[in-house]
Structure formats: C-alpha cells, structure tokens
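Everything on this sheet refers to the single structure shown next.
Bear in mind the structure is a predicted one, so any value in this text is a computation, not a measurement. Values reported hereafter were calculated over all heavy atoms of this structure, with side chains retained and with hydrogens, waters and symmetry mates removed.
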Amino acid sequence: SRKFLPGQKVTQVLMSEPGPVLGEIRLVIHTLQTLKLAYTQMQTQLELQNQATPSRSWTFPSHLVFIHLDTFLRRLLSIQGAHFITVRFYQLDQTILSGVNGTLLTDVVQEAYQDFLVQVRLLSGCNCDPTDPEDQSFELNMDQFQAQVSDLETRLVSVLSKALEDCSEALSATKLVKMFWLFLDRLLVQDQLPSYLNQLVELVLTDLDQTELEFYSEREEPERFFRFHPAAAARLCWNRQLRRRAEEALRSFRTIQNLCGGLASSHLVLKRFKKIVDLLQDFRTSVRSDWSWELESECGVILNHSLIQISHPHHLEVACGYQLEALLQELRYVTREGHVELRPHTARLLSCRDEITQKYHCLKQIVVCYNQVVGGAMEVELHLIQEHLQELEQILCELQRKTWISEGVQQQSQQVLIVHFNIREARSNMDAMRRIAHGWAELDLLQRSEDSLLESKVKDQTCRNIKTDGEQLLRLTQVNRSLYTADESSQAWKRYLDYIDDRVQDGLLQLLIRALHFLTDNMSPQTCGPALFSVTLQLQETGSVFEPTIDGGLINVIKTIIRDIYGAASLIPRISLSRHGNYQVLLQQNPELCTREQEVMCRLLQVKEEAEQLRAGLNRYSHLWQSDRTAVFQEFLTYGKQLGAEAVDAERKPPTLKDFQREIQVLLTLSSEVSQLDEVILLNGWLQVDMRPFKTCLLSIILDWKHMYTHRLLESATNRKTDPAEPEPEPGSL
C-alpha cells in the first residue's frame with residue numbers, strides 16, 4: 001500500500017489538486033478494510049463449523065496479526081480527514097453572503113479561508129513521509145492542523161449562526177444551509193445548530209401560513225395579477241403559483257429535515273402542506289368546471305351567429321369579432337392547461353379552430369376593404385363605383401346568411417379584394433395627380449442669375465418638368481378609366497375629369513401667382529436685395545440715353561416675361577372633356593393674376609419716372625456736349641471770355657494768362673465733379689443703372705475742352721522760344 005501511494009505527495013497535493021490522490025487513499029483504505037472483513041468472516045465461518053463438528057477452536061489473538069495494519073489504517077484515515085477538510089474549505093473561496101450584515105460576514109469567511117490556506121501550507125510543507133506510521137513527527141503536525149481547523153470551524157459556526165439569525169425567509173435560510181452543507185456533519189457545528197434549525201422550521205411554517213392566508217384573501221380576484229390572461233386561466237396560473245410557493249417551502253424543509261432530529265416538526269410541516277395542497281386542488285377543480293361550462297355557452301353563441309353585421313350606415317364589422325378573438329385565446333389556454341372538460345360545442349369549435357381563425361382573418365380583410373371603399377369615396381367618385389358597390393352589397397347579403405361553420409368565405413373574399421385593389425389603385429393615382437398639381441406651387445419660373453439679375457426659366461428644365469407632369473396626368477386619367485371600367489362618354493366620367501381639371505387649374509394658378517409674386521416682391525422700393533434688372537446710361541450726340549431704353553426695351557422685356565409666365569399654363573393639355581380652351585386663356589382672366597400683373601406695370605412706371613429725373617439732373621452738363629467747341633474757343637480768343645446770349649456788342653479783348661487759368665480751372669472743377677458721380681445707381685430699389693459709360697464719355701469731352709486751352713498755351717510758348725525777335729507781350733496779356 002505504501003508503494004502504491006505517492007509518499008510525501010500525499011500531503012503536498014493539498015495546495016494544488018487533492019482530488020486524484022484522495023481517490024488513491026480511499027482505494028487503499030477500502031482494500032485494507034476489505035482484507036480485515038474477509039479475515040473476520042472466515043473466522044466466523046470456522047467457529048460455526050466447530051459447533052457442528054467439534055475440533056480445535058480459533059484461539060489465536062487477532063490483534064497480534066493486525067497491530068501494524070491498524071496503525072497504518074489510522075494514519076490513512078487521518079490523512080483522508082485532512083483531504084476532506086481541505087476540499088470543504090476550498091468551497092469557501094467564492095462564498096458571498098447577502099443581507100444587512102452580508103459584507104461583514106463575507107469578510108469573516110474569507111479571512112477564515114485565508115487562515116486555512118496558511119495551515120494547509122504548513123501541513124503540506126513537512127519533510128516526513130505521511131504514510132510511515134512509525135514517523136511520529138507527522139502526528140504532531142496533524143494534531144496542530146486539527147486544532148487550527150477546529151478554531152476555524154468555530155468561527156464559521158459563528159458566521160452561520162449570525163447569518164441564520166438575519167434570515168427572514170425560509171428560502172434564503174435554505175440557500176445559506178446549502179452553502180455550508182459540507183460542514184454540517186462536523187460535531188462542533190452539529191452541537192450549535194439545533195436552535196437555528198428550529199428557527200428555520202418556524203420560517204417554513206410561516207411561509208405555509210402566508211400562502212394559505214393569501215389564498216383566502218385573493219381568491220375572489222386573482223386575475224388582477226395576470227391582466228393579459230383570460231379570467232379562468234389567470235385563476236389557474238395564480239393557483240399554480242401558490243402551489244409552487246408551498247412546494248418551495250416544503251423543499252426548504254426537506255433540506256434540513258435530517259438535521260432537525262425530531263419527527264414532531266416533520267409531521268407538523270407535512271400536515272400544513274397537505275392542507276394547502278387540498279385547498280388549491282379543490283379551487284383548481286372548481287375553476288376548471290366553471291370554465292368548461294362558460295366555454296360551452298360562449299362557443300354555442302358563436303357557432304350559430306352570423307358572420308358580419310352593420311353597426312351604422314355604411315360601416316361594416318365582423319360579428320362578435322372581439323368575443324371570437326377572446327374565445328380563441330381561451331381555447332389556446334385550454335389546450336395548454338389540459339384537464340379541462342371539453343363539452344360538445346367547445347369540442348366542435350376547438351376541432352375547427354384553424355379554419356375559423358382563417359375565416360376570421362378573411363372576414364376582417366373583407367370588412368376593412370369594404371369600409372375603405374365606401375367610407376373613402378369622394379362624391380364625384382360614387383357614380384363611377386356604383387356597379388362595384390352593388391357587387392359588394394350582394395356579397396354582404398350572402399355573408400349575413402352564413403355562420404362560422406359555413407363554407408365559401410374564401411372565394412367571396414377574393415372578389416372583394418379585386419374590387420378593393422382596383423379602387424385603391426385609382427385613388428392612389430388621384431392622390432398622385434393631386435401631388436403633381438400641388439407640387440407646381442413650389443416650382444420657380446423665375447430666379448436670380450449668377451450676377452443676381454432676373455433670369456427666366458420658362459423654357460428650361462422647369463418647363464420641361466411641367467410638360468412631363470401634364471403627360472403623366474393624362475396617363476393616370478386613362479389608367480383610372482380602365483380601373484373604374486368607366487364609359488368615356490358617360491356623365492359620371494366627365495364629372496370626374498372636371499374634378500381633376502379643377503385641381504390642375506388650382507395648381508397652375510399657384511404656379512403663376514408664385515412667379516408674379518416673385519416679380520412684385522423684387523420690384524418693391526423696400527427691397528433690400530440686389531437689383532432685378534440692369535440698364536446702362538450712354539452719352540450720345542443727342543444727349544444721355546438708356547440702353548436698353550425704359551420705354552421700349554425694359555417694358556418689352558417685362559411684358560415678355562409675363563407672357564412666358566402665362567405660357568407655362570399652356571404646357572398642360574386640358575383634362576376636361578366638357579370644357580374648351582387651354583389653361584392659359586382661362587388663367588389670363590383670373591382677377592388675382594390680373595391684379596398682380598397691374599402691380600408689376602405700376603412699379604415699372606414708377607422706375608421710369610425716377611430714370612427721367614436722373615437724366616434731367618445730368619443735363620447740367622449738357623453744354624459740354626451740345627456747344628460748338630471751335631466757336632466757343634474763337635469767342636474766347638476774341639473777347640477773352642465766353643459770351644452769353646445777351647452780350648452781343650462786347651469789347652474785343654485778347655485773353656490773358658489769367659483768363660486761360662480761369663477757364664482751365666472751371667474744366668478741372670467739372671472733371672472732379674463728374675469723377676465723383678456714382679458708378680452704379682439703384683432706382684426704385686430694383687433697377688440698376690450703370691453710369692460708367694456716361695462718366696467715361698463725359699470726362700473725355702471735358703478733357704478735349706481742357707486740351708484745347710492747354711494746346712493754345714503750349715503753342716504760344718513754343719513760338720516765343722523759336723522767334724526771339726518777337727516782342728514781349730504786354731503785362732497781363734498773352
């Protein structure tokens with residue numbers, strides 16, 4: 001046996017994995033004990049044989065044979081005990097206690113565990129062979145180890161006792177007992193636990209009493225705990241919940257039953273449990289019986305009821321729809337519950353439950369389709385769907401004569417779905433046409449260009465989109481005529497087209513109003529944005545002129561824009577068959593559009609007046625381009641100044657240098673004044689006038705005037721320099 005065991009490793013493995021070595025120790029102990037048992041059995045058999053046939057009796061002293069074996073067995077049992085203790089303490093590594101003092105008690109357990117590891121380390125570190133019964137040093141280490149373990153067990157008993165005192169429920173106390181289960185067979189633990197185990201029994205009885213009390217107090221309305229269950233199913237769920245609670249209390253007692261040591265508590269707990277189980281069983285039987293009769297009554301009503309009903313004019317409902325849904329739900333619970341007697345009507349409904357469920361969904365679909373067809377019909381649409389409505393009414397009459405066990409609902413459902421699909425598609429197309437017409441109110445026929453001036457978009461992508469929308473409208477109307485199976489020449493179809501025609505007119509009206517509103521807003525004097533139009537002020541021989549002109553060019557441009565705006569309405573083909581003329585002609589007579597058009601022209605007249613005032617203010621420089629420079633200069637050379645119209649008989653006097661300086665200074669002053677004129681002027685808040693061509697031309701004219709005087713001075717000075725004999729001019733004269 002000693003050769004079979006690993007020697008010193010018998011205790012060294014206590015720090016790592018004692019399981020495999022513990023198995024070997026137990027095998028050796030079992031083998032040796034079996035040997036002794038075989039010896040004892042053989043001795044007994046020989047003594048029995050001696051009684052039958054007297055011979056020499058077995059008088060050899062057995063202890064002389066087994067003295068060394070018994071010593072070895074005691075050593076192995078001691079080592080096995082150390083392994084058992086180690087395995088138990090290792091279970092405390094992850095122990096966590098809850099409750100008020102849970103953290104404190106957990107710390108005590110972990111501290112005891114760490115102290116135990118120290119003792120295990122000391123025991124496994126001894127250098128002797130534990131399997132040698134002659135070596136007494138191991139016995140000393142083992143005695144010290146046992147003493148320390150006893151102290152640790154005392155601390156654990158204190159923890160367990162305190163934890164049991166804090167328990168207020170049998171379930172938590174049972175979990176606590178299971179947590180320390182491996183220590184409960186220790187004598188030290190068994191001596192101190194009985195009082196706390198009796199307290200645990202009291203907790204079990206308290207749980208059973210509370211279960212019984214709850215049964216009597218809540219049995220009238222238990223379904224309030226299961227709001228989404230049928231009433232009977234809720235009662236049975238509540239009943240099972242109470243039974244599980246009672247069984248949990250009994251399991252808690254079973255856990256400690258063998259530790260209590262007495263039969264009185266066992267009889268008391270079992271008696272209390274049986275009483276509660278009997279109460280719950282009687283209640284469950286009563287509920288199942290009542291539920292069976294209620295289902296029978298409800299199923300009988302449903303099976304003989306018609307399929308549909310009309311709650312108020314033109315609104316269809318599935319007959320007993322909510323009751324049927326609730327009943328089908330109850331049948332699912334009945335199937336799940338079991339042990340509920342199925343009476344004839346209930347059994348019949350349950351057997352065809354799938355067919356009735358499918359039929360119910362078909363009927364719901366029929367009801368929804370019918371209500372959508374009738375309830376969502378426009379007045380202009382009613383005459384178009386009259387034949388479809390008559391077909392639906394005929395189907396409804398047939399359904400009102402059928403019950404939930406009748407056949408043929410699926411076929412009638414298909415007919416309703418076809419009618420509903422056609423009408424739904426037609427209405428969807430109508431919605432699409434409305435969206436198209438309403439979408440025109442967001443389109444821009446006019447916009448600002450990159451230089452912030454007005455740019456017409458009538459002939460670009462916007463107009464192409466409008467034309468495409470018109471083609472789409474025609475296509476959708478033809479699709480709807482096919483869906484409604486309408487006669488193109490019928491009055492109902494013509495009224496339907498007139499309705500669409502009105503929507504198209506409204507959409508085009510909003511489109512044109514948006515464009516004209518853009519013009520009036522941007523032509524307002526209060527506009528703070530950039531100019532809407534731009535003209536250039538030019539200086540020609542006849543005087544200052546605008547390019548393009550206000551009277552002709554600008555007015556024609558604006559009239560062309562307004563005409564193009566109205567022209568956008570002609571891109572949509574006329575929808576109505578009974579109305580003539582295109583939409584442009586119709587909208588040109590609209591009072592609101594006419595008012596906005598007049599407002600645009602009024603703003604145009606206002607800016608025209610401001611433009612004329614600008615030209616009139618610049619006429620103060622008109623003598624510069626209207627006068628004959630040669631004649632004016634000749635007068636200056638003759639009289640020393642420019643003669644007015646009244647000075648006919650002026651004295652001839654050649655100009656002096658001061659006269660030249662005076663005339664040149666006047667021209668310089670005019671040049672400075674003209675240079676300070678604004679390059680761009682904004683009229684009425686929306687017409688931009690470019691003054692730069694006018695300024696450039698006028699400054700060039702002033703320069704020509706000044707050049708005429710300076711050239712004369714330079715010429716005179718040159719002549720004096722080349723002809724020294726020429727006499728000096730008189731003071732003050734040239």
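- Within the 4.5 Å cutoff, the side chain of Asp690 has no heavy atoms near those of the Ile681 side chain.
- Of the inter-residue distances, the one linking Phe533 atom CZ with Leu683 atom CG reads 13.5 Å to the nearest 0.5 angstrom.
- The shortest distance between side-chain heavy atoms of Lys706 and Leu703 falls below 4.5 Å.
- Dense packing is recorded around NZ of Lys359, with more than 12 heavy atoms of other residues, nucleotides or ligands lying under 6.0 Å away.
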Ile562/Leu519 under side-chain contact (heavy atoms from CB on, under 4.5 Å): CA gap, chis, key distance, verdict: CA-CA 9 Å; Ile562 294 176; Leu519 273 181; 4.2 Å; yes

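- Asp487 and Trp493 form no side-chain donor-acceptor contact under 3.5 Å, judged by distance and modelled atom types alone.
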Stepwise side-chain contact (heavy atoms from CB on, under 4.5 Å) test for Gln358 and His361: CA-CA 5 Å; Gln358 185 178 6; His361 290 308; 5.8 Å; no

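- Using a 4.5 Å heavy-atom threshold, the side chains of Val535 and Pro548 count as touching.
- Between Ile385 and the choices Glu387, His383, His388, the side chain to side chain contact (heavy atoms under 4.5 Å, CB included) rule is met once, by His388.
- Here the side chain of Lys467 pairs no donor or acceptor atom with the backbone of Ile572 at under 3.5 angstrom.
- For Val373 against Arg427, the heavy-atom pair with the smallest separation is O-NH2, 2.5 Å.
- Checking Gln461 against Asn465 by side-chain atom types alone, a donor-acceptor pair falls below 3.5 Å.
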Evaluation steps, salt bridge (Lys or Arg N to Asp or Glu O under 4.0 Å), between Arg435 and Asp469: CA-CA 10 Å; Arg435 287 194 297 270; Asp469 290 342; over 6 Å; no

Derivation and outcome, side-chain hydrogen bond (donor to acceptor under 3.5 Å, both in side chains), residues Thr656 and Asp659: CA-CA 5 Å; Thr656 64; Asp659 293 331; 3.2 Å; yes

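- How far OG of Ser627 is from CH2 of Trp705: 5.0 Å, rounded to the nearest 0.5 Å.
- Counting only distance, with no hydrogens or angles, the side chain of Arg503 and the backbone of Tyr499 share a donor-acceptor pair below 3.5 Å.
- Rounding to the nearest 0.5 angstrom, the gap separating the OG1 atom in Thr542 from the CH2 atom in Trp625 is 10.0 Å.
- In this structure, Ser671 contributes its side chain and Leu667 its backbone to no donor-acceptor pair below 3.5 Å.
- Of all heavy-atom pairs spanning Ala568 and Ile466, the tightest one is O-CG2, 4.1 Å.
- Distance alone, capped at 3.5 Å, places no donor-acceptor pair between the Arg596 side chain and the Pro591 backbone.
- Here the side chains of Ser544 and Phe694 are in contact, with some heavy-atom distance below 4.5 Å.
- With hydrogens and angles left out, the side-chain atoms of Gln540 and Glu547 include a donor and acceptor closer than 3.5 Å.
- With hydrogens and angles disregarded, a donor-acceptor distance shorter than 3.5 Å links the side chain of Arg574 to the backbone of Gly581.
- Using a 4.5 Å heavy-atom cutoff, the side chains of Leu516 and Leu593 are in contact.
- With a 4.5 Å cut-off on side-chain heavy atoms, Tyr709 and Arg662 do not count as touching.
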Leu537 vs Phe546, side-chain contact (heavy atoms from CB on, under 4.5 Å): CA-CA, chis, key distance, verdict: CA-CA 5 Å; Leu537 184 62; Phe546 291 102; 3.8 Å; yes

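- Between the side chain of Ser672 and the backbone N or O of Leu668, no donor-acceptor pair lies under 3.5 Å.
- The minimum heavy-atom distance between Trp686 and Met523, with the atom names listed, is CD1-O, 3.1 Å.
- Taking the charged nitrogens against the carboxylate oxygens, Arg603 and Glu599 do have a contact shorter than 4.0 Å, which makes a salt bridge.
- Side-chain contact check for Thr477 and Asn480: no donor-acceptor pair (N or O, by modelled atom type) lies under 3.5 Å.
- Remark: the backbone N or O of Leu443 is paired with a side-chain donor or acceptor of Arg514 at under 3.5 angstrom.
- Counting non-hydrogen atoms of other residues, nucleotides and ligands closer than 6.0 Å to CD of Glu379 gives a total of 12 or fewer.
- Defined by atom type and a distance below 3.5 Å, a donor-acceptor pair is present between the side-chain atoms of Glu673 and Tyr621.
- Within a 6.0 Å radius of CD in Gln394, no more than 12 heavy atoms belonging to other residues, nucleotides or ligands are found.
- A donor-acceptor distance shorter than 3.5 angstrom exists from the side chain of Glu610 to the backbone of Asn684, with no hydrogens or angles considered.
- In this model, a donor atom of one side chain and an acceptor atom of the other lie less than 3.5 Å apart for Ser576 and Asp498.
- At least one donor-acceptor pair closer than 3.5 Å links the side chain of Thr669 to the backbone N or O of Gln665.
- Arg563 and Gln584 make their closest contact through O-NE2, 4.4 Å (heavy atoms, listed as atom of the first residue, atom of the second, distance).
- Counting all heavy atoms, side chain and backbone alike, Val674 lies closest to Lys695 at O-CE, 3.4 Å.
- At least one side-chain heavy atom of Leu670 sits less than 4.5 Å from a side-chain heavy atom of His623.
- To the nearest 0.5 Å, atoms CG (Leu476) and CE (Met433) are separated by 5.5 Å.
- At a cut-off of 3.5 Å, with distance as the only test, a side-chain donor of Glu381 or Tyr484 sits close to an acceptor on the other residue.
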Stepwise side-chain contact (heavy atoms from CB on, under 4.5 Å) test for Leu687 and Leu682: CA-CA 6 Å; Leu687 179 61; Leu682 193 63; 5.8 Å; no

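- Side-chain N/O atoms of Thr549 and Asp551 include no donor and acceptor closer than 3.5 Å.
- Under the 3.5 Å distance criterion, the side-chain polar atoms of Ser570 are matched with a main-chain donor or acceptor of Gly567.
- With rounding to the nearest 0.5 Å, the separation of CZ in Arg481 from CG in Asn429 is 14.0 Å.
- Looking at Cys463 and Leu571, their side chains come closer than 4.5 Å, going by heavy atoms from C-beta outward.
- Atoms CD and OG1, on Gln472 and Thr468 in that order, are 9.0 Å from each other to the nearest 0.5 Å.
- Nearest heavy-atom pair, Ala569 versus Leu512, reported as atom, atom and distance to 0.1 Å: CB-CD1, 4.4 Å.
- Residues Asp501 and Gln505 have side chains that bring a donor and an acceptor to within less than 3.5 angstrom of each other.
- A donor-acceptor pair shorter than 3.5 Å can be found between the side chains of Glu393 and Tyr370.
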